[in-house]
Amino acid sequence: MLPYLLILIFVAGLGLFLCERKPSREKDAFFLCLVSVILVLFAAARAETVGIDYGVYRDYFEQVRDGGWAFLTGPENRYRVEFGFSLLNYLISLMTGDVHVFMAVAAALMVGMAAVVLYRDCSMPWLGMFVFISFNFFGNTLSFIRQSLAIGLFLFAIRYLQNRRPLPYLLIVLLASSFHSSMLLLIPVYFLAQIPVNWKSVGVYTAGTGLVLFFSWPLFTFVTQFVYQGYASEEGLYFMNGRSWQTALIPVLTLFAALIMKKPLLVRRPGNVVLVNFSLYAGLLFIMTCKHFLFQRVANIFFISAVLLLPELVQAVRVETPDAKEAACVKAAGNREGHKERLRRYRLDRSRFLRREAYYHYALGAVLCFGLLYNVWFLLQNRINLIPYLIFF
């Protein structure tokens, strides 16, 4: 566990020291580049026992390497439908037969995509990277490679969803689905994510969650007659087991925070309704995970938005510094009453500014604290075999 925690503490410390003091785009870029290199090296050096699905993707890469293009297009290719992932394996196999190189390239793509989106779209890139690690998205990249690549691509689509640009959104979703077909679920989400979040929409989604949970087994039996038949097998039924309530705790707390701060979030940017809706979907799906683990596969797609949402939440409690320009105009009156009025306004603005700065630091501290606790809990569960961390050489 120690290597993971050391990375997380380093990221938090570097972010506070470097990016919180006189923030700049140059500092953000340096921070993201340095942390990305560390994460990629960490992922690339891991032994084959680190990550529950490592063996699955190692064996598949070796099949592609040995079978070449004929295997790629043949019926024995289990990921033939998800051709983007198959093609990535094929292209890397043309350069090297070493599976460790494949894992290094995959890690560079997954971490690199997150870093680019954080630099481009996140209001606090360093905090977004902290959330990416502490909320286990980085841990997932060490095992769930196909889905993590697809989710990394989907991060690029969120901007176009917020700006209501359907064509680039659709193209990115289709590209992501070539790595993991579950991403096709995001096509109708383009319309759903624009719906205002109010008691009516929350009520409808909550009622729908209750109905799905109540009829989950009949629905599962019906769906697996036509698609995802593998989940109806003895091995696949593992995904129908439930998770503990702690699994849903942080996603649900994130949902509550988003609902409470909905108004300032939308004041900052109307497109943030997408992030609030995503937090709603993720929170409800994680609640459903308590009955069936299967729902977590979909929940993770929406929960990744936390890397953008939580920095927005922290910034939403902050205000600008006191309006010096307005104070200067009052001073120009040149009389005692004008001076008193200027001083009164300055003190009022200053008090408001300090109060909001305190809220900002409380919110930042809460994200850091809960993120650390969530990461420790996740590592202690060791559900995807991240511990012990060993290197392959």
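Below, each value reflects all heavy atoms present in this structure, side chains not excepted, and no hydrogens, waters or symmetry copies. As the structure is a computational prediction, the values presented were derived from the model and not from experiment.
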- Query: CZ of Phe370: more than 12 outside heavy atoms within 6.0 angstrom?
  - Reply: no
- Note on the structure: Exactly one candidate in Phe102, Trp69, Tyr79 meets ring pair (Phe, Tyr, Trp, His ring centres under 6.0 Å) with Tyr90; the answer is Trp69
- Message: Tell me whether Ile151 shares a hydrophobic cluster with Ile187, the cluster being built from Ile, Leu, Val, Met, Phe, Trp, Tyr side chains joined at under 4.5 Å.
- Response: yes
- Any luck finding a side-chain donor-acceptor pair between Glu312 and Ser123 under 3.5 Å? yes
- Message: Tell me whether the count of non-hydrogen atoms from other residues, nucleotides or ligands lying under 6.0 Å of CZ in Arg165 goes above 12.
- Response: no
- Item | Side chain proximity check, Phe179 to Glu82, heavy atoms < 4.5 angstrom | no
- Path from Leu373 to Phe378 over hydrophobic side-chain contacts below 4.5 Å: no
- Message: Could you walk me through whether Phe138 and Tyr4 satisfy the ring-ring contact (aromatic ring centres under 6.0 Å, His included) test, starting with their C-alpha distance in whole Å, then the side-chain angles of each, then the deciding distance to 0.1 Å, before giving a yes or no?
- Response: CA-CA 10 Å; Phe138 173 66; Tyr4 299 96; 7.6 Å; no
- Assess Arg80 against Phe85: is NZ or CZ under 6.0 Å from the centre of the six-membered ring, and within 45 degrees of the ring's axis? no
- Message: For a 4.5 angstrom cut-off between non-hydrogen side-chain atoms, does Val35 reach Leu39?
- Response: yes
- Across all chains, not counting sequence neighbours, the side chain to side chain contact (heavy atoms under 4.5 Å, CB included) partners of Trp245 are Leu249
- Message: Looking only at side-chain N and O atoms, does Arg164 offer a donor or acceptor that is under 3.5 Å from a partner on Gln194?
- Response: yes
- Mind checking whether Phe71 and Val64 have side chains closer than 4.5 Å, heavy atoms only? yes
- Query: What closest approach, in Å, do Ala258 and Ser279 show between heavy atoms, and which atom pair accounts for it?
  - Reply: CB-OG, 3.3 Å
- Which heavy atom in Ala104 sits nearest to a heavy atom in Val40, and how many Å separate them? O-CG1, 4.1 Å
- For side-chain contact (heavy atoms from CB on, under 4.5 Å), just list the numbers for Leu265 and Leu275, CA-CA rounded to whole Å, side-chain angles, deciding distance to a tenth of an Å, and then say yes or no. CA-CA 9 Å; Leu265 280 171; Leu275 301 181; over 6 Å; no
- Of Phe220, Phe286, Trp217, which meets ring pair (Phe, Tyr, Trp, His ring centres under 6.0 Å) against His292? Trp217
- Atom CZ of Phe83: over 12 foreign heavy atoms under 6.0 Å: yes
- Would you indicate whether the side-chain heavy atoms of Leu280 and Val202 approach each other to under 4.5 Å? yes
- Item | Same apolar cluster: Val204 and Leu284, side chain cutoff 4.5 Å | no
- Item | Common cluster, Val111/Leu41, ILVMFWY with side-chain heavy-atom separation under 4.5 Å | no
- Would you say Val189 and Leu184 are hydrophobically clustered, going by side-chain heavy atoms of ILVMFWY under 4.5 Å? yes
- Quick check: are there more than 12 heavy atoms from other residues, nucleotides or ligands sitting under 6.0 Å from CZ of Phe392? yes
- Student check: side-chain heavy atoms of Ser134 and Leu372 closer than 4.5 Å: no
- Item | Geometric class of the Trp377/Tyr374 ring pair [parallel <30°, tilted 30-60°, perpendicular >60°] | parallel
- Message: Using 0.5 Å steps for rounding, measure from the CG atom of Leu155 to the CD1 atom of Ile304.
- Response: 5.0 Å
- Task: State, to 0.1 Å, how close Ser36 and Met129 come at their nearest heavy-atom pair, and which atoms those are.
- Result: OG-CE, 4.1 Å
- Query: Can you find a heavy atom in the side chain of Leu88 that is under 4.5 Å from one in the side chain of Leu149?
  - Reply: yes
- Item | Parallel, tilted or perpendicular: rings of Tyr190 and Tyr169 (30°, 60°) | tilted
- Message: As a quick check of understanding, evaluate ring-ring contact (aromatic ring centres under 6.0 Å, His included) for Phe303 and Phe137, giving each step before the final call.
- Response: CA-CA 9 Å; Phe303 195 38; Phe137 302 119; 5.5 Å; yes
- Message: Between Gln63 and Glu76, is the side-chain contact (heavy atoms from CB on, under 4.5 Å) condition met? List the steps.
- Response: CA-CA 10 Å; Gln63 284 180 306; Glu76 64 275 13; over 6 Å; no
- Message: Classify the ring geometry of Tyr389 against Phe42: parallel below 30°, tilted from 30° to 60°, perpendicular beyond 60°.
- Response: parallel
- Item | Residue pair Arg46 / Tyr54, side-chain heavy-atom distance below 4.5 Å | yes
- Message: Assess, by modelled atom type and distance only, whether the side chains of Ser182 and Arg146 contain a donor and an acceptor separated by less than 3.5 Å.
- Response: no
- Query: Any side-chain donor paired with an acceptor under 3.5 Å for Ser86 and Tyr60?
  - Reply: yes
- Which heavy atom of Val173 sits nearest a heavy atom of Met183, and at what distance? CG1-O, 3.4 Å
- Taking atom CZ of Phe144 and atom CG of Leu142, what is their separation to the nearest 0.5 Å? 10.5 Å
- Looking at side-chain heavy atoms only, is the closest gap between Pro311 and Val314 below 4.5 Å? no
